Number of protein chains: 2
Amino acid sequence: MQIKRYTHQNRILVAIDCIIFGFDGTHLNVLLIKRGFEPQKGRWSLMGGFVLPEENLDHAASRILKQLTGLTDIYLEQLYAFGDPYRDTVERTVSVAYFALIDINKYEEQINHEYSAAWFPLKKIPSLIFDHEEMIQMAKEKVQYKAAFHPVLFELLPEKFTLPQLQSLYEDVHNAMIDKRNFSRKILSTGLLIRQNDKERESSKKGAFYYRLDKRKYQAKFNAILNLIPNPQSLK
Amino acid sequence: MQIKRYTHQNRILVAIDCIIFGFDGTHLNVLLIKRGFEPQKGRWSLMGGFVLPEENLDHAASRILKQLTGLTDIYLEQLYAFGDPYRDTVERTVSVAYFALIDINKYEEQINHEYSAAWFPLKKIPSLIFDHEEMIQMAKEKVQYKAAFHPVLFELLPEKFTLPQLQSLYEDVHNAMIDKRNFSRKILSTGLLIRQNDKERESSKKGAFYYRLDKRKYQAKFNAILNLIPNPQSLK
DNA sequence: TCAAAAGTGTTGTCCTTACACCCATGT
DNA sequence: ACATGGGTGTAAGGACAACACTTTTGA
């Protein structure tokens with residue numbers, strides 16, 4: 001007996017919301033849009049959209065990310081499904097949240113005129129619609145946790161970056177000061193970085209060597225458990 | 001302007017599936033049901049059900065867990081949302097998977113006659129409907145990962161348990177032999193266990209002391225990052 | 001008295017941390 | 001020449017892993 005449809009069941013809207021992180025050199029930022037549409041027109045929110053009939057959740061998230069940023073091949077990971085019956089004030093909607101880590105410079109090259117978007121440092125997030133603040137909070141904790149054991153923060157940097165840049169990123173994400181000697185030893189001991197011959201000369205007179213990821217080793221070791229921050233206890 | 005409903009959008013069934021783990025003293029097991037209903041009647045599957053109009057996802061998962069096991073106040077955590085458009089052969093359904101850790105003995109006291117359920121060791125999972133095998137695989141990896149840093153496996157044991165029991169649990173979950181001297185030192189150094197005065201005398205002549213969780217400290221330290229297994233590298 | 005599992009301590013190695021000085025360069 | 005940030009080495013302490021013998025008791 002072939003069944004065609006489940007009867008007497010309640011169908012629900014399924015949406016995606018994207019927490020898009022970028023690093024401005026000092027702080028981790030989130031990309032938000034000012035809604036030009038109802039509901040809650042004029043307020044800030046995460047970029048989101050409904051899941052279409054023929055696409056899976058990952059595809060929907062990629063599509064929505066591309067719609068705002070123009071970017072593809074981005075680090076994107078499912079975070080959590082939010083399903084409070086009243087979280088969306090219009091109609092019940094289950095939202096599957098994804099977080100993305102992008103190189104903030106790549107974004108700035110793109111310009112999307114359909115949405116007015118802006119970066120906000122995590123400590124200065126404005127009031128958001130629905131449960132979007134909760135989503136960002138959870139995403140932040142997830143990135144923090146993940147970055148303590150996996151080399152995921154490289155996704156936030158350009159292809160060429162310096163150790164001081166990398167260190168500020170770690171310091172901001174973990175909200176801690178790190179000793180630069182210990183940091184460089186630890187990071188370099190992973191074998192993931194290849195030193196380039198040229199230097200970045202904007203932010204210091206001496207200049208700091210550029211590094212580049214060894215992509216083979218990066219992929220191979222991504223899921224390995226590394227110890228990337230001094231006191232994992234400082235996480236909660 | 002108040003909107004009443006999103007127009008032109010596609011509504012989807014939202015279901016919950018529960019991966020219920022129990023430990024039989026030797027192996028980690030999963031509780032499966034033999035479906036007495038369509039679709040796929042007669043095949044093994046996870047326990048699941050649709051999300052009802054007025055309940056959130058956690059509530060739906062608790063309800064479904066209780067329906068099968070009779071148990072409440074169980075460790076239950078959202079795992080992942082599965083949303084391939086064709087994963088359910090009847091009709092598109094997004095399933096939010098949860099995993100539960102229960103004391104297998106508590107379950108056996110309960111008898112649910114509506115469902116014929118059975119425990120399967122992880123290495124002997126039968127063929128399952130839809131994407132349920134993938135769900136179990138992901139849940140297994142999640143438990144393994146989580147247990148390496150957080151004292152979550154206690155949820156699988158009765159209130160009173162012995163160190164050898166705990167050790168076999170860790171050994172099975174991480175698929176590794178652990179030195180008992182190092183293991184007991186590490187576990188006891190967390191300060192989470194209180195030794196009882198009585199012994200378990202079934203499985204050895206000498207008898208092994210019972211321990212009990214210090215619930216205050218357990219709650220306090222649950223999210224702290226502990227090092228609970230010898231070589232985190234043995235995870236992948 | 002023997003077998004079977006429980007319980008316990010020490011040592012060497014490695015990893016982690018704390019810490020201070022020199023280097024290169026632009027002004 | 002000096003100020004600024006980049007880059008490196010070492011020593012002490014703590015954590016981890018490897019390892020073997022004694023204890024208890026039921027048969």
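Order of the sequence lines fixes the chain letters, A, B, ..., with proteins taken first and strands second; residue numbering starts at 1 for each chain. The shown structure was predicted, so the numbers you read here are calculated from the model rather than taken from an experiment.
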Tell me if the side-chain of Lys206(B) makes a donor-acceptor pair with the base of dT25(D), cut-off 3.5 Å, by modelled atom types.
no
When the distance from CD1 of Ile229(A) to P of dT16(C) is rounded to whole Å, what number comes out?
12 Å
Over 60° means perpendicular and under 30° means parallel, so tell me whether Tyr218(A) and Phe154(A) are parallel, tilted or perpendicular.
perpendicular
Earlier contact from the 5' end, DNA chain C, for Lys205(A) and Leu163(B)
Leu163(B)
May I have the distance from Ile178(A) (atom CD1) to dA18(C) (atom P), rounded to whole angstrom?
12 Å
Separation of Ile187(B) atom CD1 from dC16(D) atom C1', in whole Å?
15 Å
Between Gln137(A) and Glu141(A), a side-chain donor and acceptor under 3.5 Å:
yes
Kindly give the heavy-atom pair with the smallest separation between Arg43(A) and Ser127(A), and that separation in Å.
NH2-OG, 3.1 Å
Within residues 184-217 of chain B or reaching into it, pairs that qualify as ring pair (Phe, Tyr, Trp, His ring centres under 6.0 Å) - sequence neighbours excluded:
none
Indicate whether OP1 or OP2 belonging to dC16(D) is found under 4.0 Å from a side-chain N or O atom of Asn227(B).
yes
Lys186(B) has an atom NZ; how far is it from atom C1' of dG9(C), in whole Å?
17 Å
First of Gln165(B) and Asn182(A) reached from the 5' end of DNA chain C, by closest nucleotide
Gln165(B)
In short, Asn223(B) meets His150(B) closest at the heavy-atom pair O-CE1, 3.4 Å
Does a distance-only test, which skips hydrogens and angles, find a donor-acceptor pair under 3.5 Å between the side chain of Lys180(B) and the base of dA6(C)?
yes
Rounded to the Å, how far apart are Glu202(B) CD and dG26(D) C1'?
13 Å
Looking at residues at least two apart in the chain, or sitting in another chain, which of them share a salt bridge (charged side-chain N to carboxylate O under 4.0 Å, His left out) with Asp73(A)?
none
Distance below 4.0 Å between Lys199(A) side-chain N/O and dA24(C) OP1 or OP2:
no
Atom-to-atom span, CG of Leu188(A) to C1' of dG6(D) - whole angstrom
13 Å
Describe the nucleic acid contact of Ser203(A) in one word from base, sugar-phosphate, nothing, applying a heavy-atom distance below 4.0 Å.
sugar-phosphate
Please give me the minimum heavy-atom distance between Asp214(B) and Gly191(B), naming the atom from each residue.
CB-O, 4.4 Å
What is the separation between atom CZ on Arg185(A) and atom P on dT16(C), rounded to the nearest whole Å?
10 Å
Note down the inter-axis angle between the two ends of the helix from dT1(C)-dA27(D) to dT27(C)-dA1(D), five pairs each, to the nearest 10°.
10°
Grab the CD-P distance between Glu200(B) and dG26(D) for me, whole Å please.
13 Å
